[in-house]
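The structure appears right after this line, and notes come after that.
Heavy-atom basis, side chains included; hydrogens, waters and symmetry copies ignored.
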Amino acid sequence: MKSSDSPSSYYTAATSSSSRPASTTKYIPSISPLTTKDDVVMDCFYKDILHMMDRITHCPPYSDLQILPILGMGGIGKSTLARLIYDDPLVKHQYDIQAWVTVSQDYSIPSILLQLLASLNGKVHRVGRESLIAIAAQKLEIYKILSGRRYFIVIDDIWSVKAWNRIQWLFPDNRNTSRIILTTRLMDVATNAAISRNILMMRFLDDVQSWLLFHHKVFGDQDCPHELRGIGGKIVNQCGGLPLSIVTVAGLLSRIPTTPKKWQQIEVNDGQLGSILSSSYNHLSPHLRECFLYMAGFPQDYEIHASELIKLWVAEGFLEPRYRYETIEVEAERCLMDLTRQSLVLVTSRKSDGKIKSCRLHSMVRDFCVRQAGEEKFLLPVMDYLPTPILRKHFLPQVLTV
């Protein structure tokens, strides 16, 4: 491969993506935007693109098939990142065949098979009877198409280990450096499909990246009027580094008059993001929903000590030991890990043994959590039974402002 063909030659250098700190400082932009759509989007995902491109295009000959999960909460840009890589000329050049299939939460094997065949063959297959014979024939056809060829496939938005287990055998290991990207918001799916070093955890955009994306969506290659920079920076800051929220709010602002008065009336609270978080919430078991909603009582950007949270869950009686030989505290620890695996709770620090030491809710997730707790009339009963006056004093102001 020529040096000019390396991934870095395709993308301009930019600030690396990082976990967004808990901060209330408002970002006031003072830099010029990038000028093209590709520059803006690639700048936002620069570090992640290079990481994935290195594993996809810099491979020793005859290496095994590798699964490369992209993990993160809804709206953080997993599918966007996968699409950038999928459409990259270097990837198209190096692989014999490509395919994209979206699984989603309510998946069906016949639908997945038809999507794969349509993507691999470049034409839509007629939907026939979903008989066992027809399904078996489609599976065999997919396997034959991929056998002996170097392929690159994206399995987008996969929600369960069971779904992956039912389709993974469709992809033969030709020992020719074939690659499969999985996008998921569930840690269990990622760790079941791949070794840990192959998992990419998506991070929130930093302040500069957030502003670049916002500016491009609202103004394109035009300058942002000086009188809008302050309120614009505040709106971007409220999005918490979540690309979906930035794009949605920017789309709304681009359709209204560009005046400070109009912009001040915009609140970062969009239905699209709420729908995505609702799907994650509805995926939870009843006791996990209670544990999650309880976290609405913590202040914005508050770093929650896991030991404190576990004691509160136990005191509320949300949980029961899963096994006779386990304590309720062990089950509570397991629940906290489950919520982090679902990308609803962010881990901010760990103990030396790898267990969670502290965590927090992303601002957008907390807003959803507070609204959901209010709709289900969950917060006030919690307040009635907080175990100590100190805790009541700590949480009461939060409830009264809901």
Show your reasoning for whether side-chain contact (heavy atoms from CB on, under 4.5 Å) applies to Cys291 and Leu284.
CA-CA 10 Å; Cys291 292; Leu284 300 177; over 6 Å; no
Run the side-chain contact (heavy atoms from CB on, under 4.5 Å) test on Leu113 and Ile167 for me, step by step, so that the C-alpha distance in whole Å, both residues' side-chain angles and the decisive distance to 0.1 Å come before the verdict.
CA-CA 9 Å; Leu113 297 177; Ile167 64 174; 5.8 Å; no
Under the side-chain contact (heavy atoms from CB on, under 4.5 Å) criterion, do Phe378 and Arg289 qualify, and how do the steps go?
CA-CA 11 Å; Phe378 184 85; Arg289 291 184 188 183; over 6 Å; no
Would you sort out whether Ile181 and Leu81 count as a side-chain contact (heavy atoms from CB on, under 4.5 Å), showing the intermediate values?
CA-CA 10 Å; Ile181 285 180; Leu81 174 60; over 6 Å; no
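Using a 3.5 Å distance cut-off with no hydrogens or angles, the side chains of Ser358 and Glu303 do pair a donor with an acceptor.
Across all non-hydrogen atoms, the minimal contact from Ala99 to Leu120 is CB-CD2, 3.5 Å. In this structure, Trp313 and Cys335 approach most closely via the heavy-atom pair CZ3-CB, 4.2 Å. Between Lys351 and Ile356 the shortest heavy-atom distance is CE-O, 4.0 Å. Taking each heavy atom of Thr183 and Ser79 in turn, the nearest pair found is OG1-OG, 4.3 Å. Counting all heavy atoms, side chain and backbone alike, Lys92 lies closest to Asp87 at CE-O, 3.6 Å. Residues Ala373 and Ala296 share a closest heavy-atom pair of CB-CB, 4.2 Å.
Using modelled atom types, one side-chain atom of Asn176 and one backbone atom of Arg149 make a donor-acceptor pair closer than 3.5 Å. A distance-only check finds a donor-acceptor pair linking the side chain of Lys78 to the backbone of Met73 [under 3.5 Å]. Proximity of a side-chain donor or acceptor of Gln98 to a complementary backbone N or O of Tyr86 within less than 3.5 Å is detected. Remark: side-chain polar atoms of Gln115 are paired, donor with acceptor, to backbone N or O of Thr102 under 3.5 angstrom. In this structure, Arg360 contributes its side chain and Ile304 its backbone to no donor-acceptor pair below 3.5 Å. The main-chain N or O of Ser278 is found under 3.5 Å from a side-chain atom of Asn282 such that the two form a donor-acceptor pair. With hydrogens and angles disregarded, no donor-acceptor distance shorter than 3.5 Å links the side chain of Thr340 to the backbone of Val345. Remark: the backbone N or O of Met187 is paired with a side-chain donor or acceptor of Thr191 at under 3.5 angstrom.
Taking the six-membered ring for Trp and thresholds of 30 and 60 degrees, Phe152 and Tyr95 have ring planes inclined between 30 and 60 degrees apart. The aromatic rings of His215 and Phe219 are tilted relative to each other, their planes meeting at an angle between 30° and 60°. The aromatic rings of Phe292 and Tyr281 sit tilted relative to each other, their planes meeting at an angle between 30° and 60°.
Atom OG of Ser178 sits about 9.5 Å away from atom CD1 of Ile67, to the nearest 0.5 Å. Between His93 atom NE2 and Thr57 atom OG1 the span is 11.0 Å, to the nearest 0.5 Å. Taking CG from Asp338 and CG from Leu344, the interatomic distance works out to 11.0 Å, rounded to the nearest 0.5 Å. For the atom pair Leu71 CG and Leu186 CG, the distance stands at 8.0 Å (nearest 0.5 Å). In this structure, CG in Leu212 is found 9.5 Å from CG in Leu205, a value given to the nearest 0.5 Å. Note: Thr184 OG1 to Asp156 CG = 10.0 Å, rounded to the nearest 0.5 Å.
Residues Tyr151 and Pro172 are in side-chain contact: their nearest non-hydrogen atoms beyond the backbone lie under 4.5 Å apart. The shortest side-chain heavy-atom distance between Phe171 and Leu146 falls under the 4.5 Å cut-off. Side-chain contact between Arg366 and Tyr302 is absent, with no heavy atoms from C-beta onward closer than 4.5 Å. Contact of the Leu346 side chain with the Val365 side chain is not registered, since no non-hydrogen atoms from C-beta on lie closer than 4.5 Å. You'll find the side chain of Asp207 reaches within 4.5 Å of the side chain of Asn237, heavy atoms only. With a 4.5 Å cut-off on side-chain heavy atoms, Asn121 and Glu141 count as touching. With contacts defined as side-chain heavy-atom distances shorter than 4.5 Å, the pair Glu331/His287 qualifies. Considering only heavy atoms from C-beta on, Arg150 stays 4.5 Å or farther from Asn174 through its side chain.
Residues Glu326 and Arg334 are paired through a salt bridge, judged by an N-O separation under 4.0 Å between the basic side chain and the carboxylate. For the pair Glu308 and Lys311, the salt-bridge criterion is not met [side-chain N within less than 4.0 Å of a carboxylate O].
Residues that satisfy the salt bridge (Lys or Arg N to Asp or Glu O under 4.0 Å) test with Glu333, not counting sequence neighbours, are Lys355.
The cationic group of Arg229 does not satisfy the cation-pi geometry with Trp211, failing either the under 6.0 Å distance to the six-membered ring centre or the 45° limit from the ring axis.
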